[in-house]
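For reference, the structure discussed in these notes is given below.
Below, chains carry the letters A, B, ... as their sequence lines are ordered, and counting in each starts from 1.
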Number of protein chains: 2
Amino acid sequence: MSSFTEENYLKIIYNLSAWQEGEVSTNALAEQTQTRAASVTDMLRKLADKNLIHYKKYQGVRLTPEGERVALQVIRKHRLWEVFLVDKLGFGWDEVHPLAEELEHINSEKLIQKLDAFLGHPSADPHGDPIPDPAGRMPHPEHCRLTEVVPGQAVVLVGVTEHSAPFLQFLDRTGLTLGCRLEVVEVNAFDGSVQVGISGNAPQFVSQAVARNLLVS
Amino acid sequence: MSSFTEENYLKIIYNLSAWQEGEVSTNALAEQTQTRAASVTDMLRKLADKNLIHYKKYQGVRLTPEGERVALQVIRKHRLWEVFLVDKLGFGWDEVHPLAEELEHINSEKLIQKLDAFLGHPSADPHGDPIPDPAGRMPHPEHCRLTEVVPGQAVVLVGVTEHSAPFLQFLDRTGLTLGCRLEVVEVNAFDGSVQVGISGNAPQFVSQAVARNLLVS
DNA sequence: ATTAAAATTTAGACCAATCTAAAAATTTAT
DNA sequence: ATAAATTTTTAGATTGGTCTAAATTTTAAT
Ligand SMILES: [Mn+2]
Ligand SMILES: [Mn+2]
Ligand SMILES: [Mn+2]
Ligand SMILES: [Mn+2]
């Protein structure tokens with residue numbers, strides 16, 4: 001059995017590994033866990049003792065197959081609870097992450113199986129992130145960033161790579177909800193901003209910083 | 001803010017107070033919390049420092065108004081989650097208590113308000129226990145034990161005072177589900193057992209030990 | 001190749017929640 | 001009223017997760 005804290009470390013290691021090649025650093029974990037590097041080192045020794053991570057001093061860390069299994073279960077629970085909060089309870093997609101951070105640590109195979117069925121076996125959470133299947137297999141849907149779309153192309157918004165409440169609230173105000181149709185009119189070579197028609201409306205400018213965090217397909 | 005552990009102590013003190021007059025003893029708390037008396041004493045000092053309980057050494061303990069407020073919030077959450085698990089996810093009433101023990105510690109006013117609305121503002125949990133309102137007022141519905149019903153009287157099963165899984169599963173097998181009609185045919189003076197018609201079926205015998213834990217109105 | 005800077009680990013401490021063993025207070029029995 | 005039994009509290013230790021400050025290792029710069 002893994003504690004609340006251990007599960008958080010494993011999940012964070014998984015997520016950091018997904019966005020960079022090679023091992024995860026102690027400092028990166030300290031930042032994500034909101035603790036100090038010394039505390040991270042202590043926890044890494046414990047996780048290594050439990051064979052949940054591969055760890056060599058000063059060399060960074062990566063998950064073992066068992067560690068990855070645990071991480072994927074936690075992520076599965078997190079994302080299913082987010083779907084519940086948005087689809088069933090009517091929360092906004094900008095509000096649910098902190099609640100899911102708590103709910104994800106409730107450990108009951110049966111609970112999550114029944115929740116999954118109640119939600120209709122969703123394949124993605126409210127931010128478009130894929131939900132691992134019960135066996136812990138993570139789907140890898142086809143998509144690219146809005147910055148990579150060529151002018152004239154029409155696409156659908158399927159996900160975001162930034163989850164902060166201010167960013168998501170900005171998208172709400174701009175009409176950029178998941179599933180909306182986007183038609184790229186022009187990519188500004190000067191600042192990388194994108195002129196885009198949202199759901200058939202008159203084109204608007206979206207900064208490169210925003211466009212970079214929009215996943216489309 | 002109260003920790004997970006503190007909330008459990010307050011809830012248990014509330015429940016023990018409801019079933020006996022006067023203060024709650026250290027040993028009773030040790031039994032309910034599955035810890036040792038020494039651990040209870042430590043925690044009582046902490047709760048007293050936070051003004052959540054009245055505590056005089058060797059004299060037992062009772063909740064302050066603030067302690068009772070916290071306890072009732074936890075109980076409200078516990079019972080709402082039990083309704084969710086049974087009504088929405090399809091759990092049996094014998095399975096939900098341990099899960100609710102975990103879910104009750106998720107602290108979000110908004111979550112519980114939305115959950116309450118989603119469930120249609122239920123007034124009782126799957127065991128017939130009343131759900132405190134958002135302000136923490138606990139309803140006290142009219143009811144009595146089946147052992148107090150006189151022969152010939154027809155009543156409705158509205159609650160149980162024993163929550164163990166074996167007991168609840170026995171009720172399921174016997175057809176004693178919440179809301180069913182009960183007609184008391186005879187109370188056996190010898191062993192206190194009750195002969196009762198369940199939902200219009202041929203009368204059956206129910207032991208006094210069982211009848212004592214059935215609430216009717 | 002040295003040196004400076006940055007990252008990481010160790011040493012030693014703290015806090016919450018628990019334990020066992022022993023001491024003190026209260027209750028019950030004689 | 002005294003002694004015995006029970007309950008409760010104290011003393012001292014442990015575990016998980018965290019911290020600061022200092023030492024060590026790795027990486028980057030000269
Ligand atoms: Mn999230
Ligand atoms: Mn998400
Ligand atoms: Mn319960
Ligand atoms: Mn209940």
Please step through side chain to side chain contact (heavy atoms under 4.5 Å, CB included) for the pair A:N27 and A:V40, ending with a clear verdict. CA-CA 8 Å; A:N27 267 356; A:V40 172; over 6 Å; no
Base, sugar-phosphate alone, or nothing: which one does B:F4 contact when heavy atoms must sit under 4.0 Å apart? nothing
Give a yes/no on whether any side-chain N or O of B:T41 is located under 4.0 angstrom from OP1 or OP2 of D:dT8. no
Please state how far atom CZ in B:R45 lies from atom C1' in C:dA16, giving the value in whole angstrom units. 13 Å
Mind checking B:S39 for me? I need base, sugar-phosphate or nothing, with any heavy atom below 4.0 Å counting as a touch. base
Salt bridge or not between A:R212 and A:E162? Use side-chain N to carboxylate O under 4.0 Å. no
Partners meeting salt bridge (Lys or Arg N to Asp or Glu O under 4.0 Å) with B:E104 (sequence neighbours left out): B:K11
Under 3.5 Å, N/O pairs linking protein and nucleotides 13-15 of chain C:
none

Which residue pairs pass the ring-ring contact (aromatic ring centres under 6.0 Å, His included) test when at least one of the two sits in residues 25-76 of chain B, sequence neighbours left out? none
B:L44 CG to D:dT10 P: how many Å, rounded? 11 Å
Whole-Å distance separating the CD atom of A:E6 from the C1' atom of D:dT15: 12 Å
Can you name the salt bridge (Lys or Arg N to Asp or Glu O under 4.0 Å) partners of A:K110, sequence neighbours left out? B:E95
What nitrogen or oxygen pairs link the protein and nucleotides 21-26 of chain C at under 3.5 Å?
residue : atom : partner : partner atom : Å
C:dA25  : O4'  : B:Y58   : OH           : 3.3

Those residues that, when tested against B:D116, pass salt bridge (Lys or Arg N to Asp or Glu O under 4.0 Å) (two or more places apart): B:R76
Pairs where residues 95-131 of chain A contributes a residue and the test ring-ring contact (aromatic ring centres under 6.0 Å, His included) is met, not counting sequence neighbours: A:F4-A:H105, A:H78-A:H97, A:H127-A:H163
Table please: side-chain donor-acceptor pairs of residues 133-144 of chain A below 3.5 Å, with sequence neighbours left out.
residue : atom : partner : partner atom : Å
A:D133  : OD1  : A:A135  : N            : 2.8
A:D133  : OD1  : A:G136  : N            : 3.0
A:D133  : OD1  : A:R137  : N            : 2.9
A:D133  : OD2  : A:R137  : NE           : 3.0
A:D133  : OD2  : A:R137  : NH2          : 3.3

Indicate every side-chain donor-acceptor pair of residues 19-26 of chain B with a distance under 3.5 Å to a residue at least two apart or in another chain.
residue : atom : partner : partner atom : Å
B:Q20   : NE2  : B:E23   : O            : 3.1
B:S25   : OG   : B:A28   : N            : 3.1

Could you tell me which residues satisfy salt bridge (Lys or Arg N to Asp or Glu O under 4.0 Å) with A:E66, sequence neighbours excluded, listed by chain and number? A:R69
Need one value for A:Y55: base, sugar-phosphate or nothing, where a base atom within 4.0 Å counts as base even if backbone is also close, heavy atoms only. sugar-phosphate
Pairing residues for B:W81 by the ring pair (Phe, Tyr, Trp, His ring centres under 6.0 Å) criterion, not counting sequence neighbours: B:F84
To the nearest Å, give me how far apart CG (A:N8) and P (D:dT18) are. 9 Å
Expressed in angstrom and rounded to an integer, what is the separation of B:L47 atom CG from C:dA16 atom P? 12 Å
Contact check, residues 16-37 of chain B vs DNA chain D, heavy-atom distance under 4.0 Å, returns B:S25, B:T26, B:N27, B:A37
Quickly work out the A:K56 NZ to D:dT26 P distance and round it to whole Å. 12 Å
